[in-house]
Amino acid sequence: MDVLRDLNPQQQQAVMAGTGPVLVLAGPGSGKTRVLTQRIAYLIGQMGVRPYHVLAVTFTNKAAREMGDRVDRMLGERGRGLTLGTFHSTCGRILRREADHLPFDSNYVIFDADDQIRVVKQVIKDLNLDDKRYRPHGVHASISRAKNELLFAEDFPVQTYRDEVVKRVYLRYQHTLLASNAVDFDDMLLWTAFLLEESPAVRERYSRRYEHILVDEFQDTNMAQYTLLKHLASFHQNIFVVGDPDQSIYRWRGADFRNVLRFDEDFPSAQIILLEQNYRSTQNILDSAMAVIDGNPHRTKKQLFTERGEGQKIMLQELYDDREMASFVVERIARSVASQRTQPGDFAVMYRTNAQSRILEEAFLAANLPYKLVGAQRFYGRREIKDIMAYLRLAHNPKDEISMLRAINTPRRGIGTKTIASLRTYAQSLDLSPGNVLLDLGVGAESEHWESLPNRVRTTLSPFGKLLSNWCNFRDDLSPLELMDQIIKDIAYRNYIEDGSDEGAERWENVMEFRRLAADYNEKSLMAFLEDVALVSDQDTLDASANVPTLMTLHAAKGLEFPVVFIVGLNEGTLPHIRSFDDPEAMQEERRLLYVGITRAEDSLYLLHSLNRYNFGYSEPAEPSRYLDDIPMLLIDDGYTGGQKRRSRSSIFRPEKWESPEYTEQVVEQEYSPGMRVGHPAWGEGMILNSKIEDNEEIVDIFFEDIGLKKVVASLAKLTVL
DNA sequence: ATAAAGTGACTTTTT
DNA sequence: GTCACTTTAT
């Protein structure tokens, strides 16, 4: 196979490894996707394995699609029939097929993060628990963790009183899901692992079917995923995994990079292959990445190398605050593009938390430069999309209680909390789902439930029940798009959403966009549409076609590469994030996160930190990230020779608009002096401690009674002299 | 039952 | 500073 000529010896060794377990430890940019796809091509093209017997799993749809495209290019027709998908979609398919062995039907719906929290909230309310003491997010996190550890509610370990409460919530949570004929993300893995574990016949069937298993990003697997892989490989041990423990960044989601070590123990005959040659970055970038990651204990050091040469130094820049950081980024990009050396699409800006994106977006908007932001939440999380989804889901599966609760009074149709409560209690007393009672009430006085319910309740519910039963009747004869249009018309959704405001118009635009997405499913089922929408990830929404800079979190950046990378907010508290401070394991993950970010860069890397960082909308003094100290000076270009003034104040960057005539000609006078008392709209009253003019701005230190010392720019803060 | 006004948590990362 | 949820007034 001549493709092998393009591979280095280690890559070739991996691609052509014989049968049995193989562990490929692949550094960043070492061509792991190529190895995976070539391996598939090798198995099918050279070893005569039928595509039907090959299973390849990834974490994102995008990665799966990319691999699929590459395999397609190499094998064409010969590759048809290969199973290639994310863990969740693969499990989803198995669960639908094997629903007979499971406590739900094959037309189950998938509860997304938002639905999961809603269920927990509902349960906490139903159990009369205090949602201040037991925060839905926290309780859900405990449940999710348990599921990832393959623990059902019945087996939830109880050591504290809180555990006891969580267990009760978990039991009822799971009950609600099953009554709704629903599974959550964690369940998809959990039920599949359970199925393979409990039913030897099913296990054997799938293990024989998937004779060759390939896994991408293996370091991100959790216990459930690892277990199900082990079961699938139980008959043949033909499991080929690719991963990098240094790029494990999903610990909070249950991922355990120790699965890489476990693999070696569970499959003692495993061949281990190291890929260390990097084809992406310059040596300076790799050296700084290694300098950062070497700060983590207990790891096997990797020696990443490239044939690309040293390249430019790492650009380190200190700025006054996040706003200046954003302006700096935009300015640099604009200048670089203007100089014709680069294209807008060559740039990526990465940050630790989503909240940091806003200030960047504002800077791009202000400069009139287009950009794209990675994040599905922006679309699928919108109220109007969730509303329509609730209706579609309800039509598909009337048992879905969460969708029922959302749809029943959106738009308002006079069904309030009281009415809903009596519907729920009544349904519960008969062990029916509220949706089914609702459906039946649609027929009016003929309904078997009619006499049992108060007049007010049944007359308000009946019309909605009628609507719902209509949709349920249509659903199999209509395409997802036609059903959506019918629903939108029946509930007069446009009228509800378009209130004349710009926001209303935008919402309706989103609904139209959602329609276009549904139009792709004319030949497919409503179920397929619902499943795909539930399983899209942020990374999947990235469209590579637009030639504009990309903004994303460091998490979303994994697997991507860009000629120029900016990592912003390299401050203590942001990266590493303050929430990780007290947990050594979490701190190691923060470091890996930066490692992932650095290794995305091909040619240029900017590391930015600021003297002040915004937190909850307040600006407060900030320290540079500790990780910056780990990067050797000689790799760094901080705009000065020798790096002496590395963190000096004079390096503060001033955006251009501040140098516009109005600002530069007019000299700011010092208005405030120590001892004066002032009022601030948000922070209350305070006393001036110090005031000085800097870069034609008056910078005032104020001690506020309520929140302590703050540094503000007088012209921006709306101060009043008291 | 609903709209308006007030309160409090929230910001880590997502299939 | 923002969101979602709760209380209050209509």
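What separates CG of A/Asp112 from P of B/dT14 is a distance of 14 Å, to the nearest Å. Distance, A/Arg118 CZ to C/dC3 P: 15 Å, rounded to whole Å. Taking atom CG of A/Asp220 as the reference point, atom P of B/dT14 lies 12 Å away to the nearest angstrom. Distance CD (A/Gln356) to P (B/dT13): 9 Å, rounded to an integer number of Å. In this structure, A/Asp186 atom CG and B/dT14 atom P are separated by 15 Å, rounded to whole Å. Atom CD1 of A/Ile117 is separated from atom P of C/dC5 by 11 Å (rounded to the nearest Å).
Counting non-hydrogen atoms under 4.0 angstrom, A/His88 reaches a base of the nucleic acid. Residue contacts shown for A/Thr574 are absent, as no nucleic acid heavy atom lies under 4.0 Å away. Residue contacts for A/Arg358: at a heavy-atom cut-off of 4.0 Å it reaches the sugar-phosphate backbone alone, with no base atom in range. Residue-level contact check: A/Arg383 touches neither bases nor backbone, having no heavy atom under 4.0 Å from any strand. Contact annotation for A/Phe59: backbone-only contact, meaning every heavy-atom pair under 4.0 Å involves sugar-phosphate atoms and none involves a base.
Considering only side-chain N and O atoms, A/Lys121 lies under 4.0 angstrom from the phosphate OP1 or OP2 of C/dC5. For B/dT13, the OP1/OP2 oxygens have a side-chain nitrogen or oxygen of A/Asn354 closer than 4.0 Å. Remark: A/Arg412 is in phosphate contact with B/dA3, judged by side-chain N or O atoms under 4.0 Å from OP1 or OP2. Phosphate proximity of B/dT12 to A/Ser580: absent, as no side-chain N or O sits under 4.0 Å from OP1 or OP2. Phosphate contact (OP1/OP2 of B/dT12, side-chain N/O of A/Arg253, threshold under 4.0 Å): absent. Residue A/Asn615 places none of its side-chain N or O atoms closer than 4.0 Å to OP1 or OP2 of B/dC10.
A side-chain N or O of A/Glu217 and one of A/Gln219 form a donor-acceptor pair less than 3.5 Å apart. Neither side chain, A/Gln116 nor A/Lys121, offers a donor N or O lying under 3.5 Å from an acceptor on the other. For the 3.5 Å distance criterion, the side chains of A/Asp321 and A/Asn612 fail to qualify, holding no donor opposite an acceptor. A/Glu572 and A/Tyr627 share no donor-acceptor pair across their side chains, judged by distance under 3.5 Å alone.
Distance noted for atom C1' between C/dC5 and B/dT12: 23 Å (whole Å). Distance check on atom P: B/dT13 versus C/dA4 gives 15 Å, rounded to whole Å.
Contact annotation: side chain of A/Arg352 to base of B/dT13, donor-acceptor pair present below 3.5 Å. Interface remark: the A/Trp252 side chain does form a donor-acceptor pair with the B/dT13 base, using a distance-only criterion of under 3.5 Å. In this model, a side-chain donor or acceptor of A/His555 finds a partner on the base of B/dT13 within 3.5 Å.
Taking only side-chain atoms of A/Glu590, from C-beta outward, the nucleotide of B/dT11, B/dT12, B/dA1 with the closest atom is B/dT12. For A/Ala556, whose side chain is taken as the heavy atoms from C-beta onward, the closest listed nucleotide among B/dT2, C/dT6, B/dT14 is B/dT14. When the nucleotides B/dT12, B/dT13, C/dG1 are ranked by their closest atom to the side chain of A/Phe616, C/dG1 comes out on top. With B/dT11, B/dA1, B/dT2 as the choices, the nucleotide that has an atom nearest any side-chain atom of A/His137 turns out to be B/dT11.
Between A/Trp252 and A/His555, the ring planes are perpendicular. Angles over 60° get that label, and only those under 30° would be called parallel. Using bins of under 30°, 30° to 60° and over 60° for the plane-to-plane angle, the ring pair A/Phe152/A/Phe194 lands in the perpendicular bin.
With both pairing distances under 3.5 Å, C/dT8 is matched to B/dA3 as a Watson-Crick or G-U wobble pair.
Within 6.0 Å of atom CD in A/Glu623, 12 or fewer heavy atoms from other residues, nucleotides or ligands are found, so the atom counts as exposed in its surroundings.
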